Peer 1: 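One structure, as structure tokens, below. Some questions next.
Computed from a predicted model, the values in this text were never measured in an experiment.
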Amino acid sequence: MDTGESAKLQFDPKEHQHLRYNPLRDSWVVVSAHRMRRPWKGQVEKVPEANIPRHDPHNPLCPGNTRANGEVNPEYDSTFLFDNDFPALQPNSPDPGLDHHPLFQTKAARGVCKVMCFHPWSDITPPLMLPAEIRKVIDKWAELIEELGSTYPWVQIFENKGAMMGCSNPHPHCQVWASSFLPNEPALAERCQRDYQQKFGEPMLLQYARMEAQAQERVVVENEHWLVVVPYWATWPFQTLLLPRRHVLRLPDLTSQERDSLACIMKRLLTKYDNLFEVSFPYSMGWHGAPTGNYLKEDMSHWQLHAHYYPPLLRSATVRKFMVGYEMLAQEQRDLTPEQAAERLRALSEEHYKTKAKEDQANSQTEVK
Ligand code: H2U
């Protein structure tokens, strides 16, 4: 395996492939940054639609329009929450009964699915919303965790942004699925954080945020209450992890000041994302906090609230990272180092390219006059 040559080389993470450990998933990722140099002749994605109308009379998510189930949306002027008309989880599904064979196991799955529109306009996205408007979304998220979490052990808030991430509608919105079971990803995060606290005596992500804030190498944006990093173990090219600096278990525990501060940091991060390739940046994002329902009565202090952003783009607005062959059959692999990704995001302006373009246009018109 080792030809003896490797001993003579000085390790450089940008040049030499290596493995990194993801302590939240108890798994490893292959980092091979030198692969960014390979030519790309593969699939080229469509650039996201730029001319979305503010109000489309046929879009079921717009104010005043009729949805698939015949219900008419109110003329909402802020956030708007409704039950998903095509829910993957329903509250009253019958029990499948038990099959005791280990190869044919089944369990009951119950829950509710909701959709939340962020804003009445279809031509706006979170980075272009005002911090006060994002704050309303955060308050609604916290309310939903409180309300649905009073009975359900897991409430997953997630946003699929852009057609590339399977989003079916350009209107700014997220989904909320509450389930009677702890899904695989949070169950893994639960086990890993519990084990870490038992072994090292501190919540994993609290310690992690402190160490990243000190090192600065992978920090993208930060403020008094929050920190965004490209995690040491990131798998998606420009994946980020949003962490509070204080120990917080769940969204409803955030103070008013922390929520305002969260709205600001989300806007800064998402503006940088859009500025990277001057495109409305696609991603799937979601919140992970301590489980709820019956877990509310248990000590969950090993948990730390956090949000994951998983964007698929790699090289440009049209070339994405595919998690296919090796990733599906062997192990996750990434092409640029998390430090390189963080550096690129950090260097980007916090003024949105669309806002800047409008300002530049206005200035040039003033000069002509
Ligand atoms: P996505 O864009 O992430 O697919 O979310 C849109 C959701 O909105 C989707 O889950 C729901 C779809 O079921 N929806 C309704 O509930 N009613 C409608 O009339 C259209 C879309």
Side-chain angles (χ1 to χ4, degrees), residues 24-25 60-61 67-69 71 73 76 79-96 105-119 126 134 136-191 193 236 239 241-242 249-254 262 266 282-296 300 303-312:
L24 264 180
R25 304 195 70 246
L61 265 48
R67 294 207 312 278
N69 70 347
E71 254 177 59
N73 297 333
Y76 64 92
T79 59
F80 167 54
L81 183 76
F82 62 92
D83 288 330
N84 197 315
D85 300 317
F86 310 97
L89 296 166
Q90 290 174 304
N92 303 315
S93 164
D95 215 304
Q105 302 187 51
T106 314
K107 272 189 190 173
R110 301 201 173 88
V112 291
C113 297
K114 294 183 182 275
V115 180
M116 193 220 299
C117 297
F118 294 153
H119 198 280
I134 303 176
K136 286 189 177 144
V137 173
I138 295 166
D139 285 340
K140 206 73 208 167
W141 282 341
E143 241 178 84
L144 282 162
I145 298 282
E146 189 111 53
E147 188 190 311
L148 298 169
S150 65
T151 47
Y152 289 106
W154 192 253
V155 182
Q156 185 59 60
I157 293 169
F158 65 97
E159 178 195 0
N160 294 326
K161 181 166 170 271
M164 219 182 283
M165 291 312 286
C167 180
S168 63
N169 194 307
H171 195 92
H173 69 281
C174 70
Q175 297 196 43
V176 185
W177 294 20
S179 60
S180 59
F181 54 92
L182 205 53
N184 293 338
E185 287 297 314
L188 193 51
E190 154 63 22
R191 174 170 69 74
Q193 288 177 99
W236 292 96
Q239 177 181 333
L241 180 62
L242 169 56
L249 296 193
R250 303 177 179 93
L251 273 168
D253 304 336
L254 294 173
L262 173 59
M266 281 173 62
Y283 58 74
S284 275
M285 72 79 68
W287 284 98
H288 280 181
T292 47
N294 283 338
Y295 291 98
L296 290 167
M300 287 281 136
W303 268 86
Q304 171 72 324
L305 175 72
H306 57 279
H308 292 288
Y309 283 86
Y310 298 131

Peer 1: Please report the interatomic distance CZ(Arg191) to CZ(Arg25), rounded to the nearest 0.5 Å.
Peer 2: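 Answer for the CZ-CZ pair, Arg191 versus Arg25, is 10.5 Å.
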Peer 1: Return the SG to CG distance between Cys113 and Asp85, rounded to the nearest 0.5 Å.
Peer 2: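 That separation rounds to 11.0 Å.
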Peer 1: Just verifying a value: how many Å separate Leu242 CG and Leu305 CG, rounded to the nearest 0.5 Å?
Peer 2: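 Going from the CG atom of Leu242 to the CG atom of Leu305 covers 8.0 Å.
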Peer 1: So which heavy atom on Ile134 is nearest to which on Pro126, and how close?
Peer 2: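 Answer, listing the atom of Ile134 first, then Pro126: CD1-O, 3.5 Å.
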Peer 1: What verdict does the salt bridge (charged side-chain N to carboxylate O under 4.0 Å, His left out) test give for Glu146 and Arg250, after you've listed the backbone C-alpha separation in whole Å, the side-chain angles of each residue and the deciding distance to 0.1 Å?
Peer 2: CA-CA 9 Å; Glu146 189 111 53; Arg250 303 177 179 93; over 6 Å; no
Peer 1: Is Pro282 close to Pro312 at the side-chain level, that is, under 4.5 Å between some pair of heavy atoms?
Peer 2: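 They are in contact (side-chain heavy atoms under 4.5 Å apart), so the answer is yes.
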Peer 1: Who pairs with Pro94 by side chain to side chain contact (heavy atoms under 4.5 Å, CB included), at least two apart in sequence or on another chain?
Peer 2: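 Listed in chain order: nothing, the list is empty.
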Peer 1: Do Arg110 and Asn92 come within less than 4.5 Å of each other through their side chains, counting heavy atoms only?
Peer 2: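 Counting from C-beta outward, Arg110 and Asn92 never come under 4.5 Å.
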Peer 1: So which atom in Gly149 and which in Leu296 form the shortest heavy-atom distance, rounded to 0.1 Å?
Peer 2: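 Nearest pair, atom of Gly149 first, then Leu296: O-CD1, 3.5 Å.
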Peer 1: Looking at Trp287, I'd like to know if its CH2 atom is crowded, meaning that more than 12 non-hydrogen atoms belonging to other residues, nucleotides or ligands lie closer than 6.0 Å.
Peer 2: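 It does: Trp287 CH2 has more than 12 such atoms within range.
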Peer 1: Applying ring pair (Phe, Tyr, Trp, His ring centres under 6.0 Å), name anything that partners Tyr283, two or more places apart in sequence or on another chain.
Peer 2: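 If we apply the ring pair (Phe, Tyr, Trp, His ring centres under 6.0 Å) test to Tyr283, skipping adjacent residues, the hits are Tyr309.
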Peer 1: Does Phe82 reach the side chain of Cys117, with side-chain heavy atoms less than 4.5 Å apart?
Peer 2: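 Yes - at least one pair of side-chain heavy atoms lies under 4.5 Å apart.
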Peer 1: Output the distance between atom CD (Glu143) and atom CE (Met116), rounded to the nearest 0.5 Å.
Peer 2: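 One gets 8.5 Å once the value is rounded to the nearest 0.5 Å.
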Peer 1: Just so I know, are the side chains of Leu89 and Ser180 near enough to count as touching, which here means a heavy-atom distance under 4.5 Å?
Peer 2: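 In short, these two side chains do not touch, never coming nearer than 4.5 Å.
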Peer 1: Taking side chain to side chain contact (heavy atoms under 4.5 Å, CB included) as the definition, give me every residue that meets it alongside Glu71, ordered by chain and number, with sequence neighbours left out.
Peer 2: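 Side chain to side chain contact (heavy atoms under 4.5 Å, CB included) check on Glu71 returns Arg67, Asn69.
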Peer 1: Does His173 use its side chain to pair, donor to acceptor, with the backbone of His171 at less than 3.5 Å?
Peer 2: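 Confirmed, His173 side chain pairs with His171 backbone.
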Peer 1: Is it the case that more than 12 heavy atoms not belonging to Asn184 sit under 6.0 Å from its CG atom?
Peer 2: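 Not more than 12 within 6.0 Å, no.
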Peer 1: Report the distance from atom NE2 of His288 to atom CD1 of Ile157, rounding to the nearest 0.5 Å.
Peer 2: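 The distance works out to 10.5 Å.
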Peer 1: Trp154 and Gly289: which non-hydrogen atoms are nearest, and at how many Å?
Peer 2: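 Scanning both residues completely, I find the closest heavy atoms to be CZ3-O, 3.1 Å.
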Peer 1: Might you confirm whether atom NZ of Lys136 has over 12 heavy atoms from other residues, nucleotides or ligands at distances under 6.0 Å?
Peer 2: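 12 or below, so no.
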Peer 1: Examine distances only and state if a side-chain atom of Thr292 and a backbone atom of Pro153 form a donor-acceptor pair shorter than 3.5 Å.
Peer 2: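 Indeed, once roles are kept as given, a pair shorter than 3.5 Å links the two residues.
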Peer 1: Quick one: does Phe181's side chain get under 4.5 Å of Pro186's, heavy atoms only?
Peer 2: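 No; the side chains remain at least 4.5 Å from each other.
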Peer 1: Are side-chain heavy atoms of Met285 and Lys161 found at a separation under 4.5 Å?
Peer 2: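 In short, these two side chains do not touch, never coming nearer than 4.5 Å.
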Peer 1: Hey, what's the ring geometry for Trp141 with Phe118, parallel, tilted or perpendicular (30° and 60° as the breaks)?
Peer 2: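 Taking Phe118 first and then Trp141, their aromatic rings stand perpendicular (interplane angle over 60°).
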Peer 1: Using 30° and 60° as the class limits, which term best fits the ring planes of His306 and His308: parallel, tilted or perpendicular?
Peer 2: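 His306 vs His308 ring planes: perpendicular.
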Peer 1: So do the side chains of Leu148 and Gln156 get within less than 4.5 Å of each other, counting heavy atoms only?
Peer 2: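 With C-beta onward as the side chain, the pair stays apart.
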Peer 1: For the CG atom of Leu262 and the CD1 atom of Ile138, what is their distance to the nearest 0.5 Å?
Peer 2: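 So the CG of Leu262 and the CD1 of Ile138 are separated by 3.5 Å.
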Peer 1: Look at the side chain of Ser284 and the backbone N and O of Tyr310, then say whether any donor-acceptor pair between them is shorter than 3.5 Å.
Peer 2: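 Not a single qualifying donor-acceptor pair exists.
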Peer 1: So do Asp83 and Val112 actually touch side chain to side chain, heavy atoms under 4.5 Å?
Peer 2: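 The answer is no, as the side chains (C-beta and beyond) never meet within the 4.5 Å cut-off.
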Peer 1: Restricting to non-hydrogen atoms, name the atom on Ala108 and the atom on Asp95 that form the minimum distance, rounded to 0.1 Å.
Peer 2: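 Taking every non-hydrogen atom into account, CB-OD1, 3.9 Å.
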